[in-house]
Amino acid sequence: MIPLLFAAFAAVLVVSSLLVILHRNPVTSALFLVLAFCSLAALYLLLGAEFVGMVQVIVYAGAIMVLFLFVILYLNLGHDVEGGVQIALRRGLGWVLVAEGAMLLARGLALGPETPQSPPPPGGNTRAIGLLLYSRYLFPFEITSLVLLVAMVGAIVITRGRTTPAGPTRAAAPRAAAPPAAPAAGPPDTEPADVPAEEVHA
Amino acid sequence: VIPLPWLLLLSAVVFAIGVVGVLVRRNALVIFMSVELMLNAANLAFVAFARHLNSLDGQIVVFFVMTVAAAEVAVGLAIIVNLFRLRETVFVDEVNLLKG
C-alpha cells in the first residue's frame, strides 16, 4: 500500500514540477507548483514527518504561493486566453470532484468511525520536534526570527515607492501633491489661508 | 517502508527539473518558482535521511530551510516588483544593466 502511494505521489510531483517549468502562463505554473507542494506534503506524511507535512501545506502552499500569485496578478502577467470548451471542461471536472467528495463523505458516514488499531502517541511527531526545537536548537530558532525580521524590513524598504530616474512614478505623485494642501490645513484661523483652501477643494 | 534510494532519486529528479527551469526560463517569476522546487527537493532529501537514520534533526533542518525560503521569496518578489516598476518587464534577458 505505501509503495503504491509513494509511486502515485512521486509521479504527481514529477509531472507537476515539469509543468511548472514548461507551461507558458505564469499563473498556471504557480498552480502546478501548489500541486507539487501538496504532493510533497503527502510524501512527508508517508515518511512519518507529520509536522513538516503540515508546515509544508501551511507555509508553502498557503503563504508563499499566495505571495507569488499576488505578485503575478499585481504585475498583470497572467494573460489568459482560452475558449469556452476549456471552461466547460474545467466546470465538468469540478462537478466530478464535488461528486467524488460527496461519495467519500457519504461512505465515511455510513461506515462510522473506524477504531484505530494502535492509538498514536499523544502529540506525536510535532511534540518531539517542539521539544527538540526549544532545547538543543534554541539558538538557531531565535536566529530564525531575526532572519524573518530582516526579510520583512527588507521587503518593505525595497517595495516602498522611491522616485525612479525615469521620472515621477505613481507612488511619488501623492507626495508631490501633498505640500500645497498642508499649509491650507495647518493654520485654519488666518483669513488669507481660507481662499487657497477653497481653491484646493474646488 | 520506502527505500532510501527511491527517495533520493526522486529528490534528484525534482532538483534537476528546478535547475533546468532556472537555466531555460526567462521570466523572473518562473525562475523563482524553480528555485523553490530546488529547495523542496533538498527538503525531501533531508526528511528521507531523517527517516533513514531515525533521528529528528533532519526535520528541524527542513524547518529552518522553509524559514529561509520564505524570507528569500519575500525579498525576491519585492525586487521583482521594483524591477517591473523601473523597467516594465520581468524578463531577465532585458535586464542587462550590470552586463559589461
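Heavy atoms only: backbone and side chains are in, while hydrogens, waters and symmetry mates are out. Since the structure is predicted, the reported quantities are computational estimates derived from the model, not experimental observations. Every chain is numbered from 1 and lettered A, B, ... according to where its sequence line falls, protein lines coming before strand lines.
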request  = Would you mind checking which part of Leu46(A) comes under 4.5 Å of any heavy atom in chain B, side chain (CB onward), backbone (N, CA, C, O), both or neither?
outcome  =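 Both the backbone and the side chain of Leu46(A) come within 4.5 Å of chain B.
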
ask   = Considering only heavy atoms, which portion of Ala63(A) lies under 4.5 Å from any heavy atom of chain B: side chain, backbone, both, or neither?
value =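 Nothing of Ala63(A), per the 4.5 Å heavy-atom cut-off to chain B.
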
Within the structure provided, determine whether [X] and [Y] are in side-chain contact (heavy-atom separation under 4.5 Å).
{"X": "Glu36(B)", "Y": "Phe68(A)", "answer": "yes"}
{"X": "Arg136(A)", "Y": "Asp57(B)", "answer": "yes"}
{"X": "Leu40(A)", "Y": "Leu44(B)", "answer": "yes"}
{"X": "Phe63(B)", "Y": "Phe51(A)", "answer": "yes"}
{"X": "Pro3(A)", "Y": "Ile2(B)", "answer": "no"}
{"X": "Leu47(A)", "Y": "Leu7(B)", "answer": "yes"}
{"X": "Leu43(A)", "Y": "Leu10(B)", "answer": "yes"}

Working to the nearest 0.5 angstrom, can you tell me the gap between [X] [atom1] and [Y] [atom2]?
{"X": "Asn40(B)", "Y": "Leu13(A)", "atom1": "CG", "atom2": "CG", "value": "8.5 Å"}
{"X": "Asn27(B)", "Y": "Ile21(A)", "atom1": "CG", "atom2": "CD1", "value": "13.5 Å"}
{"X": "Leu33(A)", "Y": "Phe32(B)", "atom1": "CG", "atom2": "CZ", "value": "12.5 Å"}

Short side-chain to backbone donor-acceptor contact, Asn82(B) and Ile158(A), under 3.5 Å =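 Flag set: sc Asn82(B) to bb Ile158(A) pair under 3.5 Å.
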
message = Would the distance check show the side chain of Arg51(B) and the main-chain N or O of Tyr44(A) forming a donor-acceptor pair, the cut-off being under 3.5 Å?
response =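 Not at all, since once roles are kept as given, no pair shorter than 3.5 Å links the two residues.
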
key: Check against side-chain contact (heavy atoms from CB on, under 4.5 Å), Val52(A) and Met66(B)   = CA-CA 10 Å; Val52(A) 175; Met66(B) 279 181 183; 4.2 Å; yes

Return the option, out of [options], with the maximum number of heavy-atom pairs under 4.5 Å with chain A.
{"options": "Ile80(B), Val73(B), Val30(B)", "result": "Val73(B)"}
{"options": "Leu77(B), Val62(B), Val20(B)", "result": "Leu77(B)"}
{"options": "Ile60(B), Val75(B), Ile31(B), Val81(B)", "result": "Ile60(B)"}

Side chain, backbone, both or neither of Val90(B) within contact of chain A (heavy atoms, under 4.5 Å) =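 Answer is side chain: those atoms of Val90(B) sit under 4.5 Å from chain A.
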
Thr67(B) versus chain A, the contacting section by heavy-atom distance below 4.5 Å =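 Both backbone and side chain.
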
key: Heavy-atom pair count under 4.5 Å with chain B, highest-scoring of Leu22(A), Leu132(A), Ile2(A), Val14(A)   =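 Option with the greatest count: Leu132(A).
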
message = I need the residue from Phe141(A), Tyr74(A), Phe70(A), Tyr60(A) with the largest number of non-hydrogen atom pairs under 4.5 Å to chain B.
response =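 Sorted descending by pairs with chain B, the first entry is Tyr60(A).
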
Minimum heavy-atom distance between Arg24(A) and Arg25(B), given as atom pair plus value =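 Closest heavy-atom pair between Arg24(A) and Arg25(B): O-NH2, 3.9 Å.
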
request  = May I ask you to check whether Gln59(B) and Asn125(A) show a side-chain donor-acceptor distance below 3.5 Å?
outcome  =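 A donor-acceptor contact under 3.5 Å links the two side chains.
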
task = Any chance you could lay out the side-chain contact (heavy atoms from CB on, under 4.5 Å) test for Phe64(B) and Leu133(A), step after step, and finish with the verdict?
result = CA-CA 10 Å; Phe64(B) 292 135; Leu133(A) 206 55; 4.2 Å; yes

